[in-house]
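To find a chain, count down the sequence lines: A is the first, B the second, and so on, and within it residues start at 1.
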Number of protein chains: 2
Amino acid sequence: MEKIGIKEIALRANVSTATVSYVLNGTRNVRPKTKERVLKVIEELNYRPNDIAKSLKSKRTNTIGVIAEDVTVFNVPEIIDGINEYAEKNDMHILLTNLRLQKRVGYDYANTDHYQKHAQDAVSNLLSKQVEGIIYIGIHPRDLTGLINTYNKPIVYTYCYAQNECSIQYNDEQASYDAIEYLVSKGHSRIAIISGLMDSIPSRLRFNGYYKALTEFQLPFDPQFIKVGDWGLNSGYHLAAELLKLQEPPTAILIMNDLMAAGALRAASEQGMVVPTDLSIVGFDNREFSAYLSPGITTMDLPLHDMGILAMKALYNRISGTNEKTEETPLCKLIERESVAGPRAALK
Amino acid sequence: MEKIGIKEIALRANVSTATVSYVLNGTRNVRPKTKERVLKVIEELNYRPNDIAKSLKSKRTNTIGVIAEDVTVFNVPEIIDGINEYAEKNDMHILLTNLRLQKRVGYDYANTDHYQKHAQDAVSNLLSKQVEGIIYIGIHPRDLTGLINTYNKPIVYTYCYAQNECSIQYNDEQASYDAIEYLVSKGHSRIAIISGLMDSIPSRLRFNGYYKALTEFQLPFDPQFIKVGDWGLNSGYHLAAELLKLQEPPTAILIMNDLMAAGALRAASEQGMVVPTDLSIVGFDNREFSAYLSPGITTMDLPLHDMGILAMKALYNRISGTNEKTEETPLCKLIERESVAGPRAALK
DNA sequence: AGAATAATGTGAAACGTTTAAAAAGGGTGA
DNA sequence: TCACCCTTTTTAAACGTTTCACATTATTCT
């Protein structure tokens, strides 16, 4: 099977390569008769245009790079799916680079320089492949302040806050606020919070939302009700236990991820408290397991798919020079399950 | 910022483009002095070679296509991660295509033709982009019998059984056998099985393993102990309930996925039976939630990462013409958690 | 019918590399 | 110093497209 190209087609259809190109791309009118002739040969030889050559000449690859810090982390695939959805609609392709940060042995997260090299290398490779833009998916929300040099190609970040750069993020503060509003609507007034590590921007934003809601609903702000966890199940377990041991324990806890919420569930059950009767819990993330625990965790669902779509949209706009900066901020959505009820006091 | 190419470099370093190419690729000796000179200019201008042009001439893209039926399905990202790991080591890049089968509305799984078009289109697109090979990741194990025309480029399938094609799969039969062996070692002899849909090859293979183990350990084969589910939680729930209502119920159940196992857990607890004291359960998949349920489900972990690695390895060998057909079959691994104990009868 | 215009077709250069083959340069030994 | 050989460098063609500028053919109008 010899390689066939546009030349061969032209030869057999008795036209010039230019004409073949025109029928292929509809770039110019070509007489129906000739068009048909060309098409027939193309069909017969089962010809497929070579996008590489096309790209070389036209300087468009229709390809973007997606850099994921780790594809196996729960929120990443859904984002990629969103990116893919929008990309597909605009005939864009995705060159996927997986940094595999979680799996590199001896990898130090605190060390920015450390991963900086990986990231920059990834960008360089993609650039060599002439991607038209890049989407960077951070895993743990973190603050990377415009570290990466893309040599004038557009880049949009998602899931991580990137200062001075286009970055698609859901509204953390709002989500937290909404959760509290929901708890208040259920009658709660003694609402504690278990936060994630405070060096993460989302933690701080969500805390803001909590605080804002508290003051807005004129609820007392009790320093004892503020706990800072490390995102892990055990930390949720211990901190919830502490909260429950207070002389006047909270009737509800907002917990910044479902993993810690699962820990809290365990702590409650060990102390003989039943959720939601004795204690209400709202988590974050809407992890798969949250639905299968009993009680199922009521939680804030992250708009991951939308983030993917919006990230791709933003990138696409930049690529096409459409300067409509429509950086929307998608919202989290409360998923009601069984871990929230009215406060016990209210029932009595 | 004007586009700079090898020509510009050559000009400034006062050499020919050929020489620049040689220092870039180490294809030929070049005098240290000139080499240094070239390198310096490259450095100064921050030049990056254009892989598109490179590919056009060299006919190698160092890129493979990965087609996933749906990236958001739990097992896919880990496979991709494995692919990525091996690819990265061999300087291969990944063009990701997501069929999004689960999300297409009105999509009919039973209709092969229906998705056949999607798949073939995806392949065609990748081929146009001159990928050197393709990895196809099916989601639900199914049998696609060499449907896709790759026009002589190598393709390897994984997670789905593809007849007459290179396909990387873990050993389903062995996994099932091992699970039974484990239960037997714990003292069980009345072991039931809840299978997935029987039109899936893995279901049948796992059933074989079950049957083989039973006869090998000289345990009675009781038709009442055979239940066929549909992979969903509810089906596990109902079938387990049926099993438990038998006059002589099993002391252990092997369940072909963790979702159904979670259902079984629920059924057991509703009937006042405690797992594992009254009933032992072994699942399949090692889903994340399996660890967070109580009791945690003892389950067969799927070697997804290895499958990715092996798939990429197999593909790479085909691409490089290394004709060592090392199609290995990775094995599942039992993850011991709390859902298995000795049978109650044995304790008495 | 003939001129003017519109529609269609062609030739060839260009895109940024690689790589034969040929040329130039540098050492070596006589 | 010269002839020889080995190393380094260059020239130029190719890879498979697109697209500009031009040439040809068809159509319309008077």
Provide, to the nearest angstrom, the distance between the [atom1] atom belonging to [X] and the [atom2] atom belonging to [N].
| X | N | atom1 | atom2 | answer |
| --- | --- | --- | --- | --- |
| A:Leu24 | C:dG9 | CG | P | 15 Å |
| B:Lys54 | D:dG16 | NZ | P | 19 Å |
| B:Lys57 | C:dA20 | NZ | C1' | 9 Å |
| B:Lys59 | D:dA14 | NZ | P | 13 Å |
| B:Leu11 | C:dG16 | CG | C1' | 15 Å |
| B:Arg37 | D:dT8 | CZ | C1' | 12 Å |
| B:Tyr22 | C:dT17 | OH | C1' | 12 Å |
| B:Gln130 | D:dC15 | CD | P | 14 Å |

Distance test, side-chain N/O of [X] to OP1/OP2 of [N], below 4.0 Å:
| X | N | result |
| --- | --- | --- |
| A:Thr19 | C:dT10 | yes |
| A:Asn29 | C:dT8 | yes |
| A:Asn25 | D:dT18 | yes |
| B:Thr34 | D:dT9 | yes |
| A:Ser21 | D:dT18 | yes |

Of the candidate nucleotides [options], which contains the atom at the shortest distance from the side chain of [X]?
| X | options | answer |
| --- | --- | --- |
| B:Ala53 | C:dT10, C:dT17, D:dT10 | C:dT17 |
| B:Leu56 | C:dT17, D:dT18, D:dG16 | D:dG16 |
| B:Val30 | C:dT19, D:dT9, C:dT10 | D:dT9 |

Determine the sole option in A:Ile134, A:Ile155, A:Leu96, A:Asn98 for which the side-chain contact (heavy atoms from CB on, under 4.5 Å) test with A:Ile67 is passed.
A:Ile134
Please name the residue in the list B:Val30, B:Val41, B:Val20 that meets the side-chain contact (heavy atoms from CB on, under 4.5 Å) test with B:Val15.
B:Val20
Can you tell whether the side chains of B:Lys153 and B:Glu132 come within less than 4.0 Å, N to carboxylate O?
no
Between B:Tyr159 and B:Glu69, is there a side-chain donor-acceptor contact under 3.5 Å, judged purely by atom types and distance?
no
Taking any heavy-atom pair under 4.0 Å as a contact, classify A:Asp51: base, sugar-phosphate, or nothing.
nothing
Between the base of C:dT8 and the side chain of A:Arg28, is there a donor-acceptor distance below 3.5 Å?
no
Close side-chain approach of B:Met92 to B:Met312, heavy-atom, < 4.5 Å:
yes
Heavy-atom nearest nucleotide on DNA chain D taken for A:Tyr47 and for B:Thr17; more 5' hit belongs to B:Thr17
Using heavy-atom distances to pick each residue's nearest nucleotide on DNA chain D, tell me which of A:Arg31 and B:Ala18 is more 5'.
B:Ala18
